[in-house]
Every structure is written in C-alpha cells, then in structure tokens.
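We number each residue from 1, following the sequence as shown. Note that the structure is a prediction, hence the values are computed from the model and not measured.
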Amino acid sequence: MMKIQDENGCSFIIGEYIDKGSFSKVYALECCLTRRRLAGKFISKEKLQRHGISNAVWNEIGIHRRLRHKNIVQFLTYIELGSHIIIVLEYCSRYSMVHIIHALKTLTASEAKHFMIQVVSAVEYLHSNKIVHRDLKLGNLFVDKQFAVKLGDFGLAIAIVYEGQKRFSRCGTPNYIAPEVINGIGYSYEVDVWALGCILHTMLEGTPPFQGPNTTTTYNKHNQVPISSIFPH
C-alpha cells in the first residue's frame with residue numbers, strides 16, 4: 001500500500017489504475033483522513049521535458065485550481081514528487097462520455113440534450129472567466145454516478161489576457177479542431193464552440209462529423225465546410 005502526501009500533510013493511498021493520457025496516468029486515490037475516493041493524475045516530468053513543455057503542467061494547475069463550477073471536475077490539491085507531479089481531483093465513477101457512447105452507440109435527442117446543457121454551462125463559465133479549453137471532446141467529459149457531466153483535463157487550456165487576443169498554436173484533438181486552429185489564422189473562444197457542435201454530432205450519430213482515415217483527411221474535411229452552412233444568412 002503506497003501513500004503520498006501533499007504540502008499540507010494530507011495523505012492519500014494510491015489505488016487501482018484507471019486510465020492514461022499522452023503525458024499522464026490516472027489512478028484512484030483514497031484520502032486517509034476522510035476516506036473520500038478521489039482521482040490522481042500522475043504527470044511524468046520526464047515526458048514533459050522530452051517534449052519541451054515542462055511548464056505546461058503548472059499552467060494547467062494555475063487554471064484548474066481557481067475553477068468552481070458544478071460541471072467542472074473539482075481540483076483539490078497537487079503533489080510534486082521526484083519523477084511526477086500529481087493532480088488530485090474529484091472522482092467520477094462512470095468514467096467519460098466515450099464509455100457511454102461506446103456502450104450505447106448513439107444517444108437519443110433527449111439524452112444528448114441532458115448532457116449538452118451541462119457541457120455548455122461549463123464552457124460558458126470558462127469563457128466568462130476568460131479561459132479557452134482548447135480540447136473539448138467526449139474523452140474529457142467525465143460522468144459521475146448521478147449522470148452529471150464534469151468537464152476535465154485543462155492541459156491545453158489558456159487564459160485570454162486582453163480583449164481580442166488571438167492564439168496561434170495548433171493543438172487539440174483532430175476530430176474536434178476548428179478550421180482556425182488548423183490554418184493558423186488566430187483564434188479565441190470560438191474554437192470551443194466549434195468543438196461543442198462536434199460533440200453533439202458524435203452523441204447523436206455515434207461518430208465525429210469530420211472523422212477520416214487519417215489526420216490529413218480529417219483536417220481537409222474540416223476545411224471543406226462552407227461558411228454559409230455555419231452562419232446562414
């Protein structure tokens with residue numbers, strides 16, 4: 001039984017493996033004081049250094065720790081070890097929307113509405129606090145035992161410092177990336193709105209709207225959408 005401890009002296013028991021990401025692995029945790037079940041996101045320092053993004057985790061922590069919304073995964077604390085930085089988070093027992101879509105194939109209109117209302121509420125909250133998530137997708141929509149959606153993974157999130165500021169980095173998940181990101185023309189909050197549309201389509205149809213056999217094909221499909229179909233006169 002392995003324990004870890006944060007800077008305030010709170011101890012956590014590391015439990016079973018849950019999932020993994022590009023730079024992290026997620027394990028169940030148990031708070032030794034309250035016995036509350038939590039999730040620990042173990043982020044590899046070595047992997048971050050190898051890709052030249054060592055500061056990314058501190059950006060994620062800086063953004064996530066100040067968020068308070070019922071549809072956003074609660075940030076509790078973080079722990080820095082020799083090889084890893086561990087973000088301690090609220091535990092969502094039904095995993096993510098990916099698991100739900102995988103099991104059900106598609107959702108009904110009323111089921112999709114139930115989930116999308118919550119997702120949009122979380123995104124509205126982020127934007128009102130001048131934050132762009134930049135990686136909205138089914139895999140980052142976690143679901144608790146009451147089927148409440150919890151938006152998580154702020155590894156690519158950015159803060160908008162001043163009105164009208166644009167970002168140019170190409171990042172995100174290909175099936176959900178907006179054309180502005182693909183083409184490097186500068187973007188802001190609108191990329192999250194585009195991703196919301198892709199999420200809704202995936203819930204209703206079972207597959208993302210622009211999915212192709214490879215990334216290049218997927219990007220080309222994104223770019224072929226007529227502007228008039230997005231913003232009709």
Side-chain angles (χ1 to χ4, degrees), residues 2-31 38-67 72-92 95-96 98 122-123 126 129-142 150-161 165-178 180-182 184 186-188 191-192 195 215 218-219:
M2 182 177 176
K3 290 185 180 180
I4 53 176
Q5 189 176 78
D6 70 9
E7 60 183 8
N8 296 315
C10 294
S11 297
F12 305 89
I13 299 171
I14 301 174
E16 73 274 16
Y17 167 81
I18 297 175
D19 204 355
K20 68 177 181 178
S22 300
F23 303 97
S24 64
K25 292 183 178 180
V26 180
Y27 291 86
L29 300 178
E30 182 183 287
C31 177
L38 302 166
K41 182 178 179 181
F42 288 65
I43 303 171
S44 168
K45 290 182 180 179
E46 189 273 331
K47 284 187 177 180
L48 293 178
Q49 290 171 354
R50 194 190 319 152
H51 288 81
I53 53 172
S54 297
N55 291 329
V57 63
W58 300 114
N59 177 72
E60 177 178 359
I61 289 171
I63 287 176
H64 198 171
R65 72 189 308 174
R66 61 189 175 95
L67 302 178
I72 291 177
V73 175
Q74 182 185 6
F75 175 101
L76 291 146
T77 186
Y78 74 91
I79 300 167
E80 186 172 5
L81 299 178
S83 59
H84 289 80
I85 296 169
I86 305 160
I87 301 178
V88 182
L89 303 163
E90 172 184 10
Y91 178 81
C92 297
Y95 301 104
S96 76
V98 168
V123 174
L126 291 181
N129 284 277
K130 297 181 170 55
I131 295 167
V132 185
H133 189 279
R134 296 203 300 180
D135 198 20
L136 295 177
K137 59 182 179 180
L138 293 186
N140 287 336
L141 301 177
F142 303 97
K150 305 282 185 173
L151 173 59
D153 197 343
F154 290 83
L156 294 179
I158 52 167
I160 298 298
V161 180
Q165 183 182 17
K166 298 291 184 181
R167 299 291 183 142
F168 295 88
S169 300
R170 180 185 285 189
C171 62
T173 302
N175 283 326
Y176 301 87
I177 290 178
E180 295 93 331
V181 181
I182 297 170
Y187 59 84
S188 184
V191 299
D192 284 348
T215 300
T218 299
Y219 284 171

**OP:** For L29 and V88, run side-chain contact (heavy atoms from CB on, under 4.5 Å): C-alpha distance rounded to whole Å, both residues' side-chain angles, the deciding distance at 0.1 Å, then the answer.
**Re:** CA-CA 8 Å; L29 300 178; V88 182; 4.0 Å; yes
Could you tell me whether the side chain of [X] and the main chain of [Y] form a donor-acceptor pair under 3.5 Å?
X	Y	value
Y91	G40	no
R167	A159	yes
S96	V98	yes
H133	D153	yes

Is there any salt bridge (charged side-chain N to carboxylate O under 4.0 Å, His left out) pair reaching into [range], and which pairs are they, with sequence neighbours excluded?
range	answer
residues 4-27	E16-R37
residues 42-53	K45-E80, E46-R50
residues 129-139	D135-K137

Subject >> Separation between CD1 of I43 and CD1 of I87, rounded to the nearest 0.5 Å >> reply: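 Here the interatomic distance stands at 4.0 Å.
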Original post:
Going from CD1 on I131 to CD1 on I158, what distance comes out if it is rounded to the nearest 0.5 angstrom?
Top reply: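 Spacing of CD1 (I131) from CD1 (I158) equals 10.0 Å.
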Subject >> Check against side chain to side chain donor-acceptor pair (under 3.5 Å), Q5 and S11 >> reply: CA-CA 4 Å; Q5 189 176 78; S11 297; 3.2 Å; yes
Original post:
Of all residues at least two apart in sequence or in a different chain, which pass the side chain to side chain contact (heavy atoms under 4.5 Å, CB included) check with I177?
Top reply: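 Counting only residues at least two positions away or on another chain, I177 forms a side chain to side chain contact (heavy atoms under 4.5 Å, CB included) with V181, I182, Y219.
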Work out which heavy atom in [X] is nearest to a heavy atom in [Y]; give both atom names and the distance.
X	Y	answer
S54	Q49	OG-CG, 3.2 Å
A28	I18	N-CD1, 3.6 Å
L156	G172	CD1-N, 3.6 Å
Y187	C171	OH-SG, 4.2 Å

Subject >> Worked verdict on V26 versus L89 for side-chain contact (heavy atoms from CB on, under 4.5 Å) >> reply: CA-CA 10 Å; V26 180; L89 303 163; over 6 Å; no
**OP:** Show your working on side-chain contact (heavy atoms from CB on, under 4.5 Å) between L126 and L151 and close with a plain yes or no.
**Re:** CA-CA 10 Å; L126 291 181; L151 173 59; 3.8 Å; yes
Original post:
Under 6.0 Å between the ring centres of Y95 and F142?
Top reply: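 For Y95 and F142, the ring centres are not under 6.0 Å apart.
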Subject >> Chi angles and distances behind the side-chain contact (heavy atoms from CB on, under 4.5 Å) call for S44, F23 >> reply: CA-CA 6 Å; S44 168; F23 303 97; 5.8 Å; no
Original post:
Mind checking what makes salt bridge (Lys or Arg N to Asp or Glu O under 4.0 Å) contact with E90, not counting sequence neighbours?
Top reply: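 Once residues adjacent in sequence are excluded, the partners of E90 under the salt bridge (Lys or Arg N to Asp or Glu O under 4.0 Å) criterion are K150.
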Mind listing the side-chain donor-acceptor pairs of residues 56-65 below 3.5 Å, one per line with the distance, residues two or more places apart or on another chain?
| from | atom 1 | to | atom 2 | distance (Å) |
| --- | --- | --- | --- | --- |
| N59 | ND2 | A157 | O | 2.9 |
| E60 | OE2 | K41 | NZ | 2.7 |
| H64 | NE2 | V73 | O | 2.7 |

